Peer 1: 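For reference, the structure I am asking about is given below.
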Amino acid sequence: MNFSYEILNWYAENKRVLPWRSTRNPYNIWLSEVMLQQTRVAQGLPYYEKFIKEFPTVKDMASASEERVLKLWQGLGYYSRARNMHATAKMVVNEFNGSFPNTYEGLIKLKGVGDYTASAIASICFDQAEPVVDGNVYRVLARYYGIELPINSTAGIKHFKKLAREVMNTKEIRDYNQGIMEFGAIQCAPKKPYCLHCPISENCVALAQNRVHELPIKLKKLKVKKKNFNYLIFLDSKKHTILEQRTGKGIWQNLYQFPLFESESEANINQVSKRVSENYSNIKKYEISLFNEKPIIHKLSHQHLHTKFWIIEVERNLPKAVSWKSLEEYPVPVLIADFIRSF
DNA sequence: AACGCGGGGAT
DNA sequence: ATCCCAGCGTT
């Protein structure tokens with residue numbers, strides 16, 4: 001019994017039932033793959049259902065507004081995925097007559113489709129013999145073959161891709177690719193792998209050397225930056241508030257939020273008052289109160305946002321304001337959505 | 001080659 | 001608190 005045969009065998013016995021496993025439609029597969037980039041199946045699944053319901057075909061997605069796509073994506077994170085996905089939907093409709101490319105080379109040209117996603121679509125939809133290498137595959141191969149190259153180094157990436165190609169099953173590439181990923185997610189899990197009843201434990205190098213918990217090797221972790229966020233929640237007598245769209249680079253691009261200023265240290269009410277007077281000179285009379293005494297710490301993978309929400313009640317009606325009720329129509333970061341809900 | 005980019009679940 | 005998830009794009 002060789003490696004790929006055991007993977008196929010294990011997959012046939014243990015695979016989960018998932019909606020994208022009962023189709024080879026490139027639109028469905030592409031949608032699921034983009035959603036599952038750096039995202040667990042359990043988290044992505046409800047979004048997949050939501051998107052397929054509102055956008056049954058790539059044409060439906062292409063004709064939607066970016067704002068609507070972002071709204072449906074809200075909470076899933078890595079919002080550039082949604083923007084690139086929408087751009088690709090429009091390109092497929094307008095330039096490819098609604099049909100996705102049917103090769104790795106064609107697919108990888110699409111926005112938001114990299115080596116992994118191109119390989120996944122090419123193999124699952126078109127039976128192309130392209131190996132997928134995601135986080136699960138890195139783990140399974142590193143352990144089974146005892147590879148010590150860091151999975152996030154250039155040499156490591158090349159080596160694992162080459163090894164994955166050597167050991168794949170080209171005849172049943174669809175099931176093999178999904179099988180090795182499923183095996184990594186369920187059986188050869190990061191923290192608690194089930195080595196006791198593993199079908200390939202006999203030849204697993206890491207297990208033989210008692211190094212399962214050490215592999216795969218991953219280079220360093222960057223320090224997370226701390227930032228102080230201050231959101232200004234304006235409220236006038238008609239329960240209108242000011243909402244802004246984030247532009248330029250950085251986090252949450254094109255999503256909406258309340259007026260924001262960052263401070264070097266934790267801000268106090270005097271700084272907020274100064275800020276309002278400077279930037280909103282047309283607002284004369286107002287009253288400031290602090291919504292949360294202790295900053296809310298919103299954790300991203302690379303930043304910790306220490307956030308205060310300042311409530312600013314104004315007497316006269318605000319210019320260019322939106323009603324509080326209409327806030328639910330805008331795509332907003334989870335940090336903002338949580339605040340709106342609790343306020 | 002290094003970094004930016006979300007949110008959540010498991011340990 | 002730490003890790004890591006069906007990674008990609010930019011610099």
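Below, chains carry the letters A, B, ... as their sequence lines are ordered, and counting in each starts from 1. Small disclaimer: the values here were computed from a predicted structure and weren't measured.
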Peer 1: Think A/Y79 has a side-chain N or O under 4.0 angstrom from the OP1 or OP2 of B/dG7?
Peer 2: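 For B/dG7, OP1 or OP2 has a side-chain N or O of A/Y79 closer than 4.0 Å.
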Peer 1: Quick one: A/Y78 OH to B/dG7 C1', roughly how many Å, whole number?
Peer 2: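 It is 9 Å, rounded to the nearest whole Å.
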Peer 1: Which one, C/dA1, B/dT11, C/dG7, comes nearest to the side chain of A/D134?
Peer 2: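 Of all the options, the side chain of A/D134 is nearest to C/dG7.
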Peer 1: Using heavy-atom distances to pick each residue's nearest nucleotide on DNA chain B, tell me which of A/P333 and A/N152 is more 5'.
Peer 2: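 It is A/N152, whose closest nucleotide lies nearer the 5' terminus.
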Peer 1: What is the distance, to the nearest angstrom, from the CD atom on A/Q253 to the C1' atom on C/dG9?
Peer 2: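 Spelled out: CD on A/Q253 to C1' on C/dG9 is 11 Å.
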Peer 1: Say you pick atom C1' in C/dC3 and the same atom in B/dG6; how far apart are they, in whole Å?
Peer 2: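 Nearest-Å result for C/dC3 against B/dG6 at atom C1': 15 Å.
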Peer 1: Touch check for A/G184, heavy atoms < 4.0 angstrom, all strands: base, sugar-phosphate only, or nothing?
Peer 2: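 No contact.
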Peer 1: With no hydrogens and no angle check, do the side chains of A/E67 and A/Y256 hold a donor and an acceptor under 3.5 Å apart?
Peer 2: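 A/Y256 and A/E67 do have a side-chain donor-acceptor pair below 3.5 Å.
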Peer 1: How many Å lie between CZ on A/R139 and C1' on C/dC3, as a whole number?
Peer 2: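 From A/R139 CZ to C/dC3 C1': 11 Å.
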Peer 1: Going by heavy atoms closer than 4.0 Å, what residues in residues 21-44 of chain A are next to DNA chain B?
Peer 2: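 Output list: A/Q38, A/T39, A/R40, A/Q43.
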Peer 1: Counting only side-chain N and O atoms of A/K225, is one of them less than 4.0 Å from OP1 or OP2 of B/dG4?
Peer 2: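 For B/dG4, OP1/OP2 do have a side-chain N/O of A/K225 under 4.0 Å.
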Peer 1: Given atom NE2 of A/H298 and atom P of B/dG6, what is their separation to the nearest angstrom?
Peer 2: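 In whole Å, B/dG6 P lies 9 Å from A/H298 NE2.
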Peer 1: Examine C/dT2: is either OP1 or OP2 under 4.0 Å from a nitrogen or oxygen in the side chain of A/K299? Give yes or no.
Peer 2: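 Answer is no, no contact under 4.0 Å.
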Peer 1: Ignoring hydrogens and angles, state whether a donor on the side chain of A/S263 or A/Q271 is under 3.5 Å from an acceptor on the partner side chain.
Peer 2: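 Side chains of A/S263 and A/Q271: no pair found under 3.5 Å.
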Peer 1: Quick one: label A/G114 by what it contacts on the DNA or RNA (base, sugar-phosphate, nothing), any heavy atom closer than 4.0 Å.
Peer 2: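 Sugar-phosphate contact only.
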Peer 1: Between B/dG4 and C/dA6, how many Å separate the two P atoms, rounded to a whole number?
Peer 2: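 Straight-line distance between the two P atoms is 24 Å.
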Peer 1: Does A/K249 place a side-chain N or O at less than 4.0 Å from the phosphate oxygens OP1/OP2 of C/dT11?
Peer 2: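 Checking A/K249 against C/dT11: at least one side-chain N or O falls below 4.0 Å of OP1 or OP2.
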Peer 1: I need the minimum non-hydrogen distance between A/Y330 and A/Q74, along with the two atoms involved.
Peer 2: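 Reported closest heavy-atom pair: O-OE1, 3.5 Å.
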Peer 1: Please report the distance, rounded to the nearest Å, between OH in A/Y48 and P in C/dC5.
Peer 2: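 Result: 23 Å.
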Peer 1: By nearest heavy atom, map A/G112 and A/W20 onto DNA chain C; which one lands nearer the 5' end?
Peer 2: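 Comparing both residues, the 5'-ward one is A/W20.
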Peer 1: In whole angstrom, what separates A/I124's CD1 from C/dA6's P?
Peer 2: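 That distance rounds to 13 Å.
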Peer 1: So which atom in A/R24 and which in A/F126 form the shortest heavy-atom distance, rounded to 0.1 Å?
Peer 2: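 Between these two residues, the closest heavy atoms are NH2-N, 4.2 Å.
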Peer 1: Which nucleotide in the set C/dA6, C/dG9, B/dC5 lies at the smallest distance from any side-chain heavy atom of A/H302?
Peer 2: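 Among C/dA6, C/dG9, B/dC5, the one nearest the side chain of A/H302 is B/dC5.
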Peer 1: What pairs of donor and acceptor atoms, side-chain ones from residues 100-113 of chain A against any protein atom, are under 3.5 angstrom apart with sequence neighbours left out?
Peer 2:
{"unit_1": "A/T103", "atom_1": "OG1", "unit_2": "A/G106", "atom_2": "N", "d": "3.1"}
{"unit_1": "A/Y104", "atom_1": "OH", "unit_2": "A/D115", "atom_2": "OD1", "d": "2.6"}

Peer 1: Give me the other members of the hydrophobic cluster that A/I312 sits in, counting Ile, Leu, Val, Met, Phe, Trp and Tyr linked by side-chain heavy atoms under 4.5 Å, directly or via other members.
Peer 2: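 For the cluster that includes A/I312, the remaining residues are A/L232, A/F234, A/I242, A/F261, A/I269, A/V272, A/V276, A/Y280, A/I283, A/Y286, A/I288, A/L290, A/W310, A/V314, A/L318.
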Peer 1: Under 4.0 Å between a Lys/Arg side-chain N and an Asp/Glu carboxylate O for A/E266 and A/K308?
Peer 2: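 The answer is yes: the pair qualifies as a salt bridge.
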Peer 1: How is A/V132 classified with respect to the nucleic acid when contacts are heavy atoms under 4.0 Å: base, sugar-phosphate, or nothing?
Peer 2: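 Counting heavy atoms under 4.0 Å across all strands, no contact is made by A/V132.
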Peer 1: Check A/G184 against A/R139 and note the closest heavy-atom contact, atom names and distance.
Peer 2: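 Looking at all heavy atoms of both residues, the closest pair is O-NH2, 2.8 Å.
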Peer 1: For A/T117, answer base if it contacts any base atom (sugar-phosphate contacts may also be present), sugar-phosphate if it contacts only those atoms, and nothing otherwise; contact means non-hydrogen atoms under 4.0 Å.
Peer 2: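 Sugar-phosphate contact only.
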Peer 1: With a 4.0 Å cut-off on heavy atoms, is A/N177 in touch with a base, just the backbone sugar-phosphate, or nothing at all?
Peer 2: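 Since no nucleic acid heavy atom lies under 4.0 Å of A/N177, the category is nothing.
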Peer 1: If you check every side-chain atom of A/E182, which of C/dC8, B/dC5, C/dA6 has the closest atom?
Peer 2: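 Output: C/dA6.
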Peer 1: Does this structure show an ion pair linking A/R211 with A/E148, if we count only N-O contacts that are shorter than 4.0 Å?
Peer 2: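 Yes.
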Peer 1: A/H213 has an atom NE2; how far is it from atom C1' of B/dT11, in whole Å?
Peer 2: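 Value for this atom pair: 15 Å.
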Peer 1: If you find the nucleotide of DNA chain B closest to A/D338 and the one closest to A/K192, which residue's nucleotide is nearer the 5' end?
Peer 2: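 Result of the comparison: A/D338.
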Peer 1: So, is A/W252 close to the B/dG7 phosphate, meaning a side-chain N or O under 4.0 Å from OP1 or OP2?
Peer 2: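 True: A/W252 side-chain N/O within range (under 4.0 Å) of B/dG7 OP1/OP2.
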Peer 1: Can you tell me the distance, in whole Å, between the OH atom of A/Y47 and the P atom of B/dG6?
Peer 2: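 After rounding, the reported distance stands at 13 Å.
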